[in-house]
There are 2 protein chains.
Amino acid sequence: MARLLRPKHLPEPTLHRLPIYQRIAGEWAKRGERQIDSTNLGDLAGASSTTVRRDLSYLGPLGTRGSGYDPNTLFQKISEVLGSQLHYDVVMVGMGNLGRALVNSTSFLVHGARIAGIYDIDPEVIGTKVGDHEVQSVDGGLEQAAVGVICVPPEQAQGVAEKLVASKVSAILNFAPQVLTVPLGTVVRYVDFSIELQIVMYHLTNGTGPLGGGILHTLGITPPVALRST
Amino acid sequence: MARLLRPKHLPEPTLHRLPIYQRIAGEWAKRGERQIDSTNLGDLAGASSTTVRRDLSYLGPLGTRGSGYDPNTLFQKISEVLGSQLHYDVVMVGMGNLGRALVNSTSFLVHGARIAGIYDIDPEVIGTKVGDHEVQSVDGGLEQAAVGVICVPPEQAQGVAEKLVASKVSAILNFAPQVLTVPLGTVVRYVDFSIELQIVMYHLTNGTGPLGGGILHTLGITPPVALRST
DNA sequence: GGATGTGAAGTAGTTCACAGCC
DNA sequence: GGCTGTGAACTACTTCACATCC
């Protein structure tokens with residue numbers, strides 16, 4: 001009983017780190033490793049080993065005392081918790097460079113997300129193929145989906161947001177540098193590259209230690225030449 | 001004296017919000033508004049008015065009691081604090097869709113950052129122009145710069161990171177979904193779209209309120225049709 | 001022995017509530 | 001009257017330290 005009395009929603013910082021742990025676990029599993037401990041994970045993810053253990057403890061007990069965590073189990077469990085076993089349809093509006101980069105990315109479409117449609121307004125682009133998908137006109141109405149992704153120029157972002165809301169998406173991932181106004185109840189998440197750049201520049205100017213932040217940053221521990229990814 | 005005894009480094013969460021306030025201030029200034037108050041800012045940025053005031057108070061007193069903040073002053077002051085008055089050279093490696101999207105973006109290159117060079121390994125791409133810049137071969141050595149941006153496929157990311165380290169960048173912004181190993185002292189910041197998508201999906205599954213997080217999200221307060229950006 | 005998982009302590013960030021100023 | 005700026009209270013997150021189990 002008390003077992004199940006974990007807080008029902010994960011702390012936001014934990015939520016940001018879980019996908020990182022998952023990626024590391026995936027890399028280790030692929031490399032054939034059978035165990036990874038909280039210190040390894042922490043070094044690679046830029047978190048302390050204690051933080052790693054605390055984060056993972058929210059998912060239930062899944063390590064083995066004395067040895068560590070099994071990368072496969074870890075990967076699997078994080079998938080479950082993040083809801084990747086369900087599937088969500090995603091519509092993407094704006095097939096410029098960024099839109100194409102996202103559709104073609106090996107990693108953007110995590111397990112659980114499925115592209116239901118990709119859209120643009122440019123007649124030159126409509127009808128062309130990006131990956132497996134044909135670009136549709138945004139005027140023809142949007143496919144029903146849970147998540148909408150906006151990658152249009154900032155001037156058009158609000159208009160697209162309104163179309164997405166009208167077609168009843170529940171969440172919007174906005175890559176345009178533009179603040180959106182949407183009805184209460186629609187989740188909007190901003191992804192903003194320039195913010196990241198600004199934060200880096202602030203840390204450079206101030207020599208501030210880069211530890212502790214929203215998106216993770218790793219301080220590697222071995223010289224660069226010593227390790228090489230395969 | 002006590003005036004100057006503010007904590008010397010801004011809290012990370014504040015650091016993430018400042019660029020958002022700045023963007024909003026910019027939009028209001030352009031629209032000719034002469035005042036914006038902490039409630040307006042908070043609604044648009046997805047933060048409480050108290051948080052806005054606390055954040056801005058770190059920059060020194062810059063509001064007017066009774067009315068609010070002047071958008072221009074606000075914009076200016078945030079620029080200063082984020083170090084945008086200094087200028088940093090940036091090299092970018094990988095001119096696929098993502099790299100091109102970043103170079104062409106109106107907003108990625110915030111005031112203070114300057115592209116010192118853009119690179120690729122693909123002979124097809126080397127020599128072509130992206131925006132105002134000609135793509136150089138990555139084998140010819142990199143221009144000296146403070147910040148390196150990685151937008152290559154994950155398999156190549158570690159190799160590029162090592163090149164960047166060798167050419168003495170102080171900070172790396174990594175868009176590849178790949179954990180990097182670098183010498184201690186090099187700042188690495190990860191930007192990872194799939195993490196954002198996963199977090200959105202988690203919130204959808206769990207109906208968790210989206211408030212409070214690293215990257216901001218706005219819950220608009222007016223119906224979508226009421227406002228339109230120009 | 002060695003690493004997990006977790007109460008308890010500590011720290012950082014947010015929110016309350018209101019004095020101070022326009 | 002209205003809104004800023006900030007001590008004081010609170011809440012959330014992290015870190016310590018250690019009992020627990022393989």
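Lettering of chains follows the sequences in order, A, B, ..., and the numbering in each one begins at 1.
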Item to check | Nearest-Å distance for atom pair CG/C1', residues A:L56 and D:dT14 | outcome: 15 Å

Checklist entry - Nearest-Å distance, NE2 (A:H16) to C1' (D:dT14)? => result 16 Å

Checklist outcome for this item: From the candidates D:dT4, D:dT14, C:dG2, the one with an atom nearest any side-chain atom of B:S38 is D:dT4

Checklist entry - Can you name the one residue among B:L173, B:V93, B:L98 that meets side-chain contact (heavy atoms from CB on, under 4.5 Å) with B:C151? => result B:L98

Checklist entry - Tell me: CD of B:E12 to P of D:dC13, nearest whole Å? => result 15 Å

Item to check | Presence of A:R17 side-chain N/O under 4.0 Å of D:dT14 phosphate oxygens OP1/OP2 | outcome: yes

Checklist entry - Whole-Å distance between C:dT4 C1' and A:L59 CG? => result 14 Å

Checklist entry - Choosing from C:dG13, C:dT6, C:dG2, which nucleotide comes nearest the side chain of A:R53? => result C:dT6

Checklist entry - Among C:dT15, C:dG5, D:dC22, which nucleotide sits nearest the side chain of B:T51? => result C:dT15

Checklist entry - Rounded to whole angstrom units, what separation is found between the NE2 atom of B:H9 and the C1' atom of C:dG13? => result 13 Å

Checklist entry - Side-chain N or O of B:S67 less than 4.0 angstrom from OP1 or OP2 on D:dC3? => result no

Item to check | Short side-chain N/O contact to C:dG13 OP1/OP2 from B:Y58, under 4.0 Å | outcome: no

Checklist entry - D:dT4 phosphate, OP1 or OP2: any side-chain N/O from B:T64 under 4.0 angstrom? => result no

Checklist outcome for this item: Whole-Å distance, A:D70 CG to D:dC22 P, equals 16 Å

Next on the checklist: So, under a plain 3.5 Å distance rule, would you say the side chain of B:R54 forms a donor-acceptor pair with the base of D:dG7?
Outcome noted: yes

Checklist entry - Given B:K30 and B:E27, is the salt bridge (Lys or Arg N to Asp or Glu O under 4.0 Å) satisfied, shown in steps? => result CA-CA 5 Å; B:K30 202 179 299 169; B:E27 288 178 13; over 6 Å; no

Item to check | Between D:dC22 (C1') and A:L62 (CG): distance, integer Å | outcome: 15 Å

Item to check | Side chains of B:L62 and B:D70 in contact at under 4.5 Å (non-hydrogen atoms) | outcome: no

Checklist outcome for this item: Among the nucleotides C:dG2, C:dG13, C:dT15, whichever has the atom closest to the side chain of B:S48 is C:dT15

Checklist entry - For the pair made of CD in A:Q35 and C1' in C:dG1, what is the distance, rounded to whole Å? => result 16 Å

Item to check | B:L164 and B:V182, any side-chain heavy atoms less than 4.5 Å apart | outcome: no

Checklist outcome for this item: Judged by nearest nucleotide, the residue sitting upstream toward the 5' end of DNA chain D, A:R65 or A:T14, is A:T14

Checklist entry - Does the gap between the ring centers of A:F175 and B:F193 come in under 6.0 Å? => result yes

